[in-house]
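We use all heavy atoms of the structure for the numbers below, so side chains are in, but hydrogens, waters and symmetry mates are not. Reminder, nothing fancy here: chain letters follow the sequence lines and each chain counts from 1.
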Amino acid sequence: MNDPRSASTLALFKDAALHVRNSALDDWKAAGKKVIGHVCSHVPEEIVTAAGMMPFRLRGIEISSTAVGDTYFGPFVCSCPKAILQSAGEGKLDFLDGAVMVQACDSMRRLDECWRKASVEDGARMPHFFHYFGVPHKVTDYSVQWFAEEIERFAKALSAHFSVEITDDAIRRAVALHNETRALLVRLEALRFRDDPPLSGSQSMSIILAGTAMPKEVYNPLLSALLDDLEASPGIGHNGKKRIVLAGSVLDDLALIEAIEHEGALVSADTVCFGARAYQGEVDSSENPYKTLARHYLNEQFCPRMFGYTQARFDLILKKFEDSGADGIVFQNIRFCDLHGSENGLFEKRLEKGGIPAMRVEREYGALADEGRVRMRIGAFLETIRKS
Amino acid sequence: MRKELTEYGYVTAIHSLLSMAPKVAAGTRKEYEKLLSRMPHFRDLIDSMLGLGDPGVLFLQGFAHYAEMVMDAHKNGKKLAFTTFCQSPVIFHAMDVVPVVLEVMTVAGTLIRKSAIGEFMDVCIEAGFSETSCSSQRGSLGAFIAGLADKPDFVCINTPGICDTNANSFAFSAAHFGIPFYQLNYPPTLTDERSRAYHRDDFKNMIAFLEKETGNRLDVDKLRSLMLEMRRQDEMICEIQDLQRLIPNPVPGIYNLFIYALRFTLGGLPECTELLTAMLKKAKENAKAGLSGLTGGVEKKRCLFVYIDHYAANLPLFNFLDKHGITHLGGILDRFYQDEAFYSHGQGYRLETADLDQMIDSLAMQNSRLPMVKQIRGPYDSPEMWLEEVTRLAKELSADFTIYSGTPGCRNTWGMVKLLASDLEKSGYPTHIIASDAFDDRVESWEATAHRLAEFFELRNIVPPVAV
């Protein structure tokens with residue numbers, strides 16, 4: 001990097017990636033502005049931005065146990081929503097002014113009632129604005145129409161609760177802002193595809209994660225300046241490393257990527273939730289804004305909760321594999337995430353048949369508790385890859 | 001997989017055993033007992049089914065007929081569709097499609113071969129399927145993947161938005177077999193106009209899919225005739241369920257299973273009507289005589305299952321309850337929400353057949369109220385959802401306690417069953433959560449499950465445990 005400001009930007013992004021709170025978020029709150037949390041990449045954040053608020057993707061990081069989560073959820077449930085509930089129970093999400101619950105998957109949808117119950121029985125503060133948001137599981141003219149109405153219903157609820165006006169023009173401006181973020185992240189991805197990128201996979205992921213936890217108004221200029229600098233910078237010695245595409249379910253901690261890179265590889269692309277899903281495609285703003293948002297957010301079918309689009313997801317992973325010049329693919333999923341778990345199994349078999357090295361890792365959400373096991377498996381997998 | 005499990009086709013074996021079972025009682029008592037001794041994994045079930053008289057025999061014959069339909073579908077020029085239990089089969093029968101209801105086929109597999117179903121489940125895992133996923137599909141799906149039954153022609157389900165884990169099994173199946181996939185999809189609310197419109201559009205789209213995949217045009221007269229038959233069945237089911245409110249409950253517990261197993265597979269077909277007619281007759285006779293449906297006749301306590309039953313080999317759950325003098329008041333699997341059902345309270349449907357639009361509308365309404373589809377599409381404590389249903393059913397059926405039985409693969413219910421149980425306890429219903437797998441006794445043996453149940457009965461002062 002040539003610009004001395006880039007190091008501090010990277011440090012700020014990493015701080016936002018590793019912690020629930022970050023300075024940009026604190027500044028936003030200090031200015032008396034609102035923050036709305038949500039739990040799924042199918043939530044149109046533009047609506048929150050158009051209301052003059054900050055969208056914030058909820059995570060369950062920096063928790064000390066899962067005692068609160070385990071009290072309300074049963075034992076056979078993904079640890080991600082449990083960790084988010086735990087975070088709420090430990091008071092770490094008290095800064096939220098609102099939260100949007102989504103029928104993202106079976107486990108995540110139950111965060112709605114578990115959080116409500118925990119707020120009554122366990123003191124987990126629940127934001128006053130607590131909205132249940134439906135997302136269809138397929139793309140048809142009537143599902144897009146239904147979803148457009150659902151987004152409008154969300155906008156009206158937000159507007160009524162906080163007494164703010166959400167105009168079509170405000171949504172269009174928000175769409176432009178979020179499209180700018182997407183375009184910047186696509187530039188970042190292009191850097192990752194270089195033979196010798198100027199940053200590691202872990203650094204890239206921390207940049208993407210920061211975007212889920214900072215106001216876009218602050219994030220975009222910082223990222224833009226950083227990318228200007230990185231694009232003019234040489235690589236940092238990744239030539240010759242085995243390149244890995246990381247695919248699968250929610251991944252918002254850097255430990256797994258660091259484990260892969262510690263074993264001598266480079267994570268050169270991803271399709272994970274919190275990763276590449278954040279910036280795929282661009283929202284068109286030519287027609288009714290609710291309809292365009294509905295179309296965009298339903299058409300991004302990276303998550304296997306969108307049933308019947310298996311081939312499209314497989315093709316996307318293959319495209320990332322080819323575009324990034326990767327040598328292998330690591331599929332990961334949180335235990336009890338059957339949606340990703342099954343698809344990972346299916347894809348692993350298909351890829352192996354096609355001669356593409358692939359492996360599956362099942363893990364718990366959060367900091368890599370079983371790092372030794374994962375590293376050993378990753379190391380063994382990397383040894384099987386013959387670098388061309 | 002053990003070699004003996006691959007000797008016969010999966011559906012063939014089910015058909016063979018179930019079609020022969022009713023004939024077991026044709027000989028002398030001595031011959032009967034000798035034959036039972038040759039069926040160690042099926043003995044108690046056959047004995048108790050045949051002990052029920054006509055309903056037991058008709059159930060065995062009905063299910064054998066269904067197995068035969070699946071087995072011979074291709075030979076008979078029909079298409080085979082993978083589908084799920086909570087989808088009304090009428091539209092499939094109308095389109096000359098034989099629905100392979102994976103969950104029901106898994107239960108059939110658990111009943112006839114102890115421990116075999118686990119090996120079929122493992123075949124799925126070898127094919128890449130998640131080992132933590134719901135076992136209700138995993139068992140029979142494994143048999144199909146292993147090539148022990150005809151490959152299905154397409155998949156048509158209605159669980160996305162209801163149970164994504166279920167839907168995922170079918171999406172996996174479609175991808176594995178490389179066959180077309182259709183999903184009916186549900187918004188999180190039940191009765192608002194937005195949801196109704198969605199259901200209608202989605203159902204019409206499904207018919208277009210079925211027409212494309214079968215090459216058949218929907219035969220309106222055939223559909224009408226099936227729907228009218230199903231309406232008769234609906235009326236009888238409502239009547240039987242009305243009788244369950246009596247104290248003592250004159251309906252044998254296993255009738256609940258009969259109702260849903262045949263309704264999921266043969267709904268709209270005469271075999272289902274015949275069975276229901278016999279069941280209703282017997283239940284009415286019991287009611288007239290003031291008898292409970294228990295073999296001992298005396299009802300000590302009344303239990304509502306808030307989810308599904310337990311399906312270990314030989315179906316020991318029903319005998320276990322029977323021996324304890326506990327009447328089984330049903331679960332969500334046999335609540336269909338017909339307009340005239342005592343528990344519908346304005347949320348029900350009625351099959352209307354005046355014209356095609358009415359038929360499609362009412363089938364869409366029916367489908368949207370089927371077991372699981374109705375109860376868990378939204379937050380469990382929202383109006384018209386699970387909590388409202390079970391507390392109302394517990395009250396209207398005079399239940400003394402409630403039991404949750406499910407599978408570890410059920411994210412949806414395990415995501416909030418503790419809350420549900422806590423709410424039920426607060427409403428005065430002792431509630432036991434069975435933490436085993438209703439379809440896979442490798443997770444917990446039936447003996448261990450029974451021990452915990454007995455412990456619950458004793459600790460909560462429900463009934464004294466008895467040796468079973």
Side-chain angles (χ1 to χ4, degrees), chain A residues 70-78 81 101 103-114 116-117 121 132-138 140-143 145-146 149-150 153 304-311 314 333 335-350 360 362, chain B residues 124-125 127-134 155 157 159-172 174-176 180-183 185-189 194-195 197-198 200-202 205 376-382 407-419 422-423 433 435:
Chain A
D70 289 335
T71 300
Y72 298 93
F73 284 101
F76 314 114
V77 176
C78 167
M101 299 294 105
Q103 36 142 216
C105 61
D106 292 343
S107 295
M108 192 55 88
R109 69 197 293 193
R110 295 297 172 208
L111 181 60
D112 168 74
E113 42 264 68
C114 288
R116 282 190 284 112
K117 206 72 157 182
E121 296 178 357
Y132 194 86
F133 185 69
V135 184
H137 289 66
K138 63 180 180 184
T140 61
D141 51 354
Y142 52 89
S143 68
Q145 178 59 35
W146 189 92
E149 290 164 12
E150 187 73 355
R153 202 179 66 92
R305 58 116 31 223
M306 299 298 286
F307 296 105
Y309 303 94
T310 310
Q311 189 59 43
F314 185 68
N333 67 274
R335 186 156 177 77
F336 301 124
C337 176
D338 301 308
L339 277 61
H340 275 292
S342 297
E343 206 159 88
N344 287 352
L346 202 65
F347 289 170
E348 182 194 35
K349 291 204 175 300
R350 279 190 195 174
R360 294 157 77 184
E362 192 177 68
Chain B
C124 281
I125 295 161
F129 195 53
S130 165
E131 65 176 344
T132 56
S133 196
C134 181
V155 173
I157 54 152
T159 43
I162 303 300
C163 174
D164 289 353
T165 312
N166 174 306
N168 183 57
S169 303
F170 290 94
F172 175 87
H176 176 86
F181 174 88
Y182 186 84
Q183 55 158 316
N185 169 212
Y186 292 94
T189 51
R194 214 154 62 95
S195 291
Y198 194 97
R200 267 182 227 121
D201 289 341
D202 223 13
N205 225 12
I376 59 178
R377 60 200 296 163
Y380 87 106
D381 53 350
S382 284
T407 84
C410 186
R411 311 279 156 259
N412 229 323
T413 56
W414 277 105
M416 49 65 170
V417 72
K418 289 182 183 177
L419 315 185
S422 159
D423 291 337
I433 298 175

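To the nearest 0.5 Å, the span separating CG on Asp112(A) from OG on Ser382(B) amounts to 7.0 Å. Separating the OG1 atom in Thr132(B) from the CG atom in Asn333(A) is a distance of 7.5 Å, to the nearest 0.5 Å.
Annotation: side chain of Asn205(B) is in contact with side chain of Tyr142(A) (closest heavy-atom distance under 4.5 Å). Taking the side chain as every heavy atom from C-beta outward, Gln103(A) and Asp164(B) never approach each other to under 4.5 Å.
When heavy atoms are compared at a cutoff of 4.5 Å, Glu348(A) does not approach chain B at all. In this structure, chain B has a heavy atom under 4.5 Å from the side chain of Lys349(A), while its backbone stays farther away. In this structure, the portion of Ala127(B) lying under 4.5 Å from any heavy atom of chain A is its backbone and not its side chain. Contacts of Cys410(B) with chain A are absent, with no heavy-atom separation under 4.5 Å from either backbone or side chain. Both the backbone and the side chain of Glu150(A) have a heavy atom closer than 4.5 Å to some heavy atom of chain B. The part of Asp423(B) that comes within reach of chain A is its side chain, from C-beta onward, which places non-hydrogen atoms under 4.5 angstrom from that chain. There is no contact between Gln311(A) and chain B, counting heavy-atom distances below 4.5 Å. Both the backbone and the side chain of Ser107(A) come within contact range of chain B, each with at least one heavy atom under 4.5 Å from a heavy atom of that chain. Contacts of Ile433(B) with chain A are absent, with no heavy-atom separation under 4.5 Å from either backbone or side chain. Contacts between Ala167(B) and chain A at a heavy-atom distance below 4.5 Å involve backbone atoms as well as side-chain atoms. Looking at Thr140(A), only its side chain comes within 4.5 Å of chain B, counting heavy atoms on both sides. Neither the backbone nor the side chain of Phe170(B) comes within contact range of chain A, judged by heavy atoms closer than 4.5 Å.
With chain B as partner, the option from Phe73(A), Phe307(A), Tyr309(A) having the largest number of non-hydrogen pairs under 4.5 angstrom is Phe307(A). The candidate with the highest count of non-hydrogen atom pairs below 4.5 Å against chain A, out of Ile157(B), Val155(B), Thr165(B), Asp202(B), is Asp202(B). For chain A, the option among Ala171(B), Cys163(B), Pro408(B), Gly409(B) with the highest count of heavy-atom pairs below 4.5 Å is Pro408(B). Listed options Val417(B), Ile162(B), Thr189(B) were ranked by heavy-atom pairs under 4.5 angstrom with chain A; first place goes to Ile162(B). Ranked by heavy-atom pairs under 4.5 Å with chain A, the list Gln183(B), Arg411(B), Arg377(B) is led by Arg411(B). Most heavy-atom pairs under 4.5 Å with chain A: of the set Cys134(B), Gly415(B), Ala435(B), this distinction falls to Gly415(B). Note on Cys337(A), Ser143(A), Pro304(A): by heavy-atom pairs under 4.5 Å with chain B, the leading option is Ser143(A). Counting heavy-atom pairs closer than 4.5 Å to chain B, the top residue among Lys117(A), Lys138(A), Met108(A) is Lys138(A). Interface summary for chain A: among Cys124(B), Ser195(B), Gly378(B), Ser169(B), the most heavy-atom pairs under 4.5 angstrom belong to Gly378(B). Options Pro81(A), Pro75(A), Gly134(A) differ in how many heavy-atom pairs under 4.5 Å they form with chain B, and the most are formed by Pro75(A).
Nearest heavy-atom pair across Ser130(B) and Ser342(A) is N-OG, 3.2 Å. Across every non-hydrogen atom of Trp146(A) and Pro187(B), the tightest pair is CZ2-CB, 3.4 Å. Between Asp338(A) and Ser133(B), the shortest heavy-atom contact is OD1-N, 3.2 Å. Nearest approach of Leu346(A) to Ala175(B), heavy atoms of both residues: CD2-CB, 3.3 Å. In terms of heavy atoms, Glu121(A) sits closest to Ser422(B) at OE2-OG, 4.4 Å. Heavy-atom minimum distance, Gly128(B) versus Arg360(A): O-NH2, 3.6 Å.
At least one donor-acceptor pair closer than 3.5 Å links the side chain of Asn185(B) to the backbone N or O of His137(A). Listed for the Arg109(A) side chain is no donor-acceptor partner under 3.5 Å among the backbone atoms of Pro379(B).
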* To do: Please step through side-chain contact (heavy atoms from CB on, under 4.5 Å) for the pair Thr310(A) and His176(B), ending with a clear verdict.
  => CA-CA 10 Å; Thr310(A) 310; His176(B) 176 86; over 6 Å; no
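Ring-plane geometry between Trp414(B) and Phe76(A) is classed as perpendicular, the angle between the planes exceeding 60 degrees on a 0 to 90 degree scale with a lower cut at 30.
A salt bridge links Arg335(A) to Glu131(B): at least one charged side-chain nitrogen sits closer than 4.0 Å to a carboxylate oxygen. Asp381(B) has a carboxylate O that lies under 4.0 Å from a charged side-chain N of Arg116(A), or vice versa, which qualifies the two as a salt bridge.
For Tyr132(A), the ring-ring contact (aromatic ring centres under 6.0 Å, His included) criterion is met by no residue, not counting sequence neighbours.
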